[in-house]
There are 2 protein chains.
Amino acid sequence: MAALANDTKTQILELGIQLIQQHGYQAFSYADIARALHIKNAAVHYHFPAKEDLYLAIVQYYIDVYQHMARQMNETQLSPKQQLDRFIQRYADLVDANKICIIGAASADYNNMPEAVKKKVTELVDYVLGLVEKTLAAGKRNGSFAFTETAKNQTMLLMTNLAAGVQLARITGKKDFENIRKSILKTIQA
Amino acid sequence: MAALANDTKTQILELGIQLIQQHGYQAFSYADIARALHIKNAAVHYHFPAKEDLYLAIVQYYIDVYQHMARQMNETQLSPKQQLDRFIQRYADLVDANKICIIGAASADYNNMPEAVKKKVTELVDYVLGLVEKTLAAGKRNGSFAFTETAKNQTMLLMTNLAAGVQLARITGKKDFENIRKSILKTIQA
DNA sequence: GCTGTTACTTACTAATAAGTAAGTTACGGA
DNA sequence: TCCGTAACTTACTTATTAGTAAGTAACAGC
């Protein structure tokens with residue numbers, strides 16, 4: 001929303017996202033960000049006073065992204081199948097960039113988070129799960145998906161396949177994610 | 001193997017495992033371990049000179065655990081169904097202890113690892129995947145499991161469900177893991 | 001009874017972490 | 001033209017990090 005107002009602030013945010021997905025929250029410092037953007041440590045603190053503020057902004061950014069995605073999918077009248085393909089493609093892109101999804105990254109770090117961040121993460125997860133659940137349910141109704149589980153359970157199966165799929169691919173190689181992707185699609189193919 | 005020789009060393013190792021699964025590798029320090037065990041920082045370095053050595057020992061420890069488990073399962077002639085139940089129960093225990101599995105934890109931290117640790121992690125993952133694959137294949141042969149994917153692909157689906165299942169449960173609550181567990185079992189039930 | 005080894009402690013170091021206070025520069029109104 | 005604010009930099013502090021060098025106490029073997 002207001003994210004594009006300030007250039008440096010946006011750059012910090014985007015770099016923060018990248019660093020979390022590539023190295024984890026604990027593994028990067030404000031000094032890393034400052035170095036990469038050719039600004040000083042204190043400039044990062046100017047935009048995000050504490051590291052917790054940056055984390056919060058990153059999670060909020062993803063909530064915004066998925067809300068935007070949901071709206072766009074509605075407007076463009078994408079079929080449930082197309083919606084799901086697009087969603088899965090996001091994970092394939094993560095694999096190519098040697099990243100893991102923020103939800104997985106957040107989970108690994110969950111026990112170290114301040115309450116405010118935990119709450120935002122829960123908000124994000126609930127939103128994303130809800131989004132996929134609606135897509136799966138719609139696809140079942142129009143006959144393009146078939147599964148015997150509830151849409152909610154099928155969503156959890158699919159999401160865990162994707163999230164841990166990118167994690168596994170980091171260790172064992174990209175082709176494992178491709179196999180998982182194909183298997184997921186078979187699982188719900190009508 | 002030789003792990004039980006030295007008491008303090010074993011305690012450091014076990015505490016290290018716990019800290020990695022609860023907080024992640026980057027989020028704990030030798031000072032944390034020293035404090036908890038009422039020894040000095042330098043004592044931890046005596047047993048594991050660098051943090052990398054501790055990480056390596058932890059991953060090796062899990063390789064040993066799973067090798068032991070494999071041998072035991074063979075000796076006690078557990079059915080594939082019983083073997084899988086036992087394996088899945090390990091993940092349920094993680095959820096109860098508010099931990100995630102080392103493979104998931106290692107994946108989040110993979111890009112920060114020295115090559116030697118990466119290699120050991122790959123060794124662990126390959127071993128565990130191989131173990132589950134054998135169990136699924138055996139279950140299919142004796143008619144207790146049914147699935148259309150290859151045993152390898154089915155293993156990856158199951159493992160990603162479990163690994164990300166415990167991660168999800170950390171954020172959204174334990175009952176989500178229980179639902180995933182039931183759904184997994186339905187998926188492969190003959 | 002001396003020697004070596006194991007398992008530590010004491011006492012550090014250098015690097016890096018997050019965070020802050022005070023100053024600077026540029027710019028956009030009123 | 002002065003004023004305030006935004007977006008920084010300079011110059012710090014304090015805490016914590018991994019890691020080390022040197023010393024010590026207990027004990028086992030010869």
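Excluded from the calculations below are hydrogen atoms, water molecules and symmetry mates; all remaining heavy atoms, backbone and side chain alike, are included. Just so you know, these numbers come straight off a predicted model, no measurement behind them. Residue numbers begin at 1 in each chain, while the letters A, B, ... track the order of the sequences.
We find that CZ of A:Phe48 is positioned 12 Å from P of D:dC8, with the value rounded to whole Å. Atom CD1 in B:Ile12 sits roughly 15 Å away from atom C1' in D:dA18 (whole-Å rounding). Look at NE2 on B:His47: it is 12 Å from C1' on C:dT9, rounded to the nearest Å. Remark: P of D:dA15 and OH of A:Tyr30 are 20 Å apart, rounded to the nearest angstrom. Protein atom CG of A:Asn112 is 15 Å distant from nucleotide atom C1' of C:dA18, rounded to whole Å. One can place NZ of B:Lys51 at 19 Å from P of C:dA15, the figure rounded to the nearest angstrom. In this structure, B:Arg35 places its CZ atom 12 Å from C1' of D:dT17, rounding to the nearest Å. For the pair B:Ile33 CD1 and D:dT16 C1', the interatomic distance rounds to 15 Å; values are reported in whole Å.
Of all nucleotides listed (C:dA17, D:dA6, D:dT17), D:dT17 comes nearest to the side chain of B:Asp32. Relative to the side chain of B:Ala50, the nucleotides D:dA18, C:dC8, D:dG19 differ in distance, and D:dG19 lies closest. In the set D:dC8, C:dC8, C:dA18, D:dC8 carries the atom at the smallest distance from any side-chain atom of A:Tyr46.
Residues from residues 37-45 of chain A that place a heavy atom under 4.0 Å from any atom of DNA chain D, listed by number: A:Ile39, A:Lys40, A:Ala42, A:Ala43.
Between B:Ser29 and D:dT17 there is a side-chain N or O to OP1 or OP2 distance below 4.0 Å. The side chain of B:Thr8 places no N or O atom within less than 4.0 Å of a non-bridging phosphate oxygen (OP1 or OP2) of C:dA7.
In the displayed structure, A:Lys152 atom NZ is contacted under 6.0 Å by at most 12 heavy atoms of other residues, nucleotides or ligands. Heavy atoms from other residues, nucleotides or ligands lying under 6.0 Å from NZ of A:Lys40 number 12 at most.
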Under 3.5 Å donor-acceptor pairs involving side-chain atoms of residues 113-121 of chain A, not counting sequence neighbours:
| unit_1 | atom_1 | unit_2 | atom_2 | d |
| --- | --- | --- | --- | --- |
| A:Lys120 | NZ | A:Gln60 | OE1 | 3.0 |
| A:Lys120 | NZ | A:Glu123 | OE1 | 3.1 |

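Applying side chain to side chain donor-acceptor pair (under 3.5 Å) to B:Glu178 and the options B:Lys174, B:Lys175, B:Arg181 leaves one that passes, B:Arg181.
Using cut-offs of 30° and 60° for the angle between ring planes, the A:Phe87 and A:Tyr91 rings count as tilted.
In this structure, A:Tyr62 and A:Gln21 approach most closely via the heavy-atom pair OH-NE2, 3.0 Å.
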* Between A:Asp93 and A:Arg90, does a salt bridge (Lys or Arg N to Asp or Glu O under 4.0 Å) hold up when you go through it step by step? -> CA-CA 5 Å; A:Asp93 292 342; A:Arg90 291 179 63 87; over 6 Å; no
